[in-house]
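Some notes on the structure that comes next.
First listed ligand is number 1; within each ligand, the first listed atom is number 1.
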Amino acid sequence: MNVLILGSGGRESSFAWKIAQSPLLSQLYIAPGNPGTMEYGQNINIAVDNFEALGQLCISKNITLVLIGPELPLVKGIVDYFRNTPTLSHISMIGPDQSGAILEGSKDFSKQFMQKYGIPTAAYKTFDINSLETGLKYLENATPPYVLKADGLAAGKGVIITSDLAEAKSTLKEMISELKFGDASQKVVIEQFLSGIELSVFVLSDGKNYIILPEAKDYKRIGNGDTGPNTGGMGAISPVPFATKEFLKKVEQKIIAPTINGLKKEKIDYRGFIFFGLINVENEPWVIEYNCRMGDPETEAVIPRIKSDFLEILNQIKNQNLHLVNIEFEDFCATTLMLVAQGYPNDYPKGDKIDNLDKITDVLCFQAGTTLDKQANLVTNGGRVIAITAMDVSIKNALIKANNAAKLIEWKGKNYRTDIGYEFI
Ligand code: AMP
Ligand code: GLY
């Protein structure tokens, strides 16, 4: 079969690496992809939200399965577009339609959904321009730290946490009346602060059945010791040592199963990944957020831990046969380090020449923000440049391998965290 992967980050590189190994694959296309994905398939320079051009590509290349990496095309309705276009409706889309993607596209919706189905999540209230004054009073009576979340997609920046009441109030005003995060902050969710350790759990759903993928822990802050601004994620480990069988059982019973049942009750035909951003509070799992896609860099640690043919699994979604799948995992630990450009997550330069990738042997290098310059040199082209994943029997050994590779790869201003997984070794 011919497959198209949408996206160009480390997540999509790891999908491409895995799918390229499937005996079911004839030809793999990645749109737009990056120089790294060219090793696994053919890059096609079409933007992930150019639905018409992607549809035409699928017809001309006889593509029958599309795996959507990022949330943007999902929230914009790529799955609805394909389902409602007669020449495209036969294509299996791995990702939810708009009615499902709203789990990530609207924090207010996801909070209402969790409350309705009894899924543990922080207490909250939503405010907009009509209730701004009430919101400010609500903050005065709330217990710090205050957690303010833009309702819509805000490129990972829409969450503000502060213990300073004056700052919380001015932020609420800026979000709602000055649209600090654009239309995404027309509505703002204010929620109770939860204290604990976070982890990400991933589920693949066919609308009826689901399978649980390996869990991972992401390291969001830019600096060692979890300091500095939030990023998309600076590294990941899988498995997560504190996610014991008992804990994961609670996650399934209290969170995953009620979510899948809730989606069915809401008549949301959810065919794709659900990313549960969880927090472990005194050994009880709570939901911090849902995403309608896999995480990045978590995917780069999770995918190598899947032993089974991933394409064969994805191929069961169209006929809602995930219950027939017996997914097998590798026993080893996977650790991922994200190498980023100097300045990320704020402004950063592009076009710096990357050296020594050819010297890397015993780890996987998933390219993300890279491109080829006019002389065909590999150069940086984004804040998140390369994800390195190392595998070994212990987290410690995997981290040593990953750190050695991270040291060897070079460009001007390369930055990465040297303490990923620190609390587990
Ligand atoms: P989100 O974009 O919803 O994942 O939020 C970004 C980060 O903010 C999360 O990964 C948490 O570290 C933190 N966060 C969000 N909600 C809460 C909460 N209710 N309590 C504590 N931390 C939170
Ligand atoms: N690593 C967090 C995310 O993908 O949202």
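Among all non-hydrogen protein atoms, the one lying nearest atom 19 (N) of ligand 1 is E191 OE2, 2.7 Å. Of the protein's non-hydrogen atoms, the one nearest atom 10 (O) of ligand 1 is E198 OE1, 2.7 Å. Ranking protein heavy atoms by distance to atom 5 (O) of ligand 1, first place goes to V159 CG2, 3.3 Å. R293 NH2, 2.9 Å is the protein heavy atom nearest to atom 5 (O) of ligand 2. E289 OE1, 3.4 Å is the protein heavy atom nearest to atom 1 (P) of ligand 1.
Shown here, atom 15 (C) of ligand 1 is in close reach of the protein: a heavy atom of it lies under 4.0 Å off.
Of all atoms in ligand 2, listed by their number and element, those nearer than 4.0 Å to a heavy atom of G232 are 1 (N), 2 (C). Contact atoms of ligand 1 toward K220: 10 (O) (distance under 4.0 Å to a heavy atom of the residue). The F275 neighbourhood of ligand 2 comprises atoms 3 (C), 4 (O), 5 (O), with distances under 4.0 Å to a heavy atom of that residue. When each atom of ligand 1 is checked for a heavy atom of F193 under 4.0 Å away, the hits are 20 (N), 21 (C), 22 (N). Of all the atoms in ligand 2, the ones that sit under 4.0 Å from a non-hydrogen atom of G295 are 4 (O). Listed by number with element, the atoms of ligand 2 under 4.0 Å from a non-hydrogen atom of D218 are 1 (N), 2 (C).
The salt bridge (Lys or Arg N to Asp or Glu O under 4.0 Å) test with D226 singles out one residue from R417, R221, K217, and that residue is R417.
Applying the side chain to side chain donor-acceptor pair (under 3.5 Å) test to every pair with at least one member in residues 306-317, sequence neighbours left out, gives these pairs: S22-D309. Listed by first and then second residue, the side chain to side chain donor-acceptor pair (under 3.5 Å) pairs involving residues 162-172 are E140-K169, T162-E167 (not counting sequence neighbours).
Note on K107 versus E191: no salt bridge recorded, every NZ/NE/NH1/NH2 to OD/OE distance being 4.0 Å or above.
Between F329 and I212, the shortest heavy-atom distance links the atoms CZ-O, 3.4 Å. The minimum heavy-atom distance between L314 and F273, with the atom names listed, is CD2-CZ, 4.3 Å. Across all their heavy atoms, D80 and Q98 have their closest contact at OD1-N, 2.8 Å.
No hydrogens or angles considered: a donor-acceptor pair under 3.5 Å links the side chains of T389 and T336. There is a side-chain donor-acceptor pair under 3.5 Å between S13 and N34.
When non-hydrogen atoms are compared, ligand 1 lies under 4.0 Å from the side chain of I161 (C-beta onward) but not from its backbone. Heavy atoms of K107 found under 4.0 angstrom from ligand 1 belong exclusively to the side chain.
In terms of polar-atom proximity, L194 is counted as a contact of ligand 1, with an N or O under 3.5 Å from an N or O of the ligand. Note: no N/O pair closer than 3.5 Å links K220 and ligand 2 by distance alone. Backbone and side-chain nitrogen or oxygen atoms of K149 are examined, and one is located within less than 3.5 angstrom of a nitrogen or oxygen of ligand 1.
Proximity of F275 to R293: side-chain heavy atoms (C-beta onward) are separated by under 4.5 Å at one or more points.
Relative to atom 17 (C) of ligand 1, the option among N291, I288, L278 with the closest non-hydrogen atom is I288.
Counting heavy-atom neighbours within 6.0 Å of K318 NZ, excluding the residue itself, gives a total above 12.
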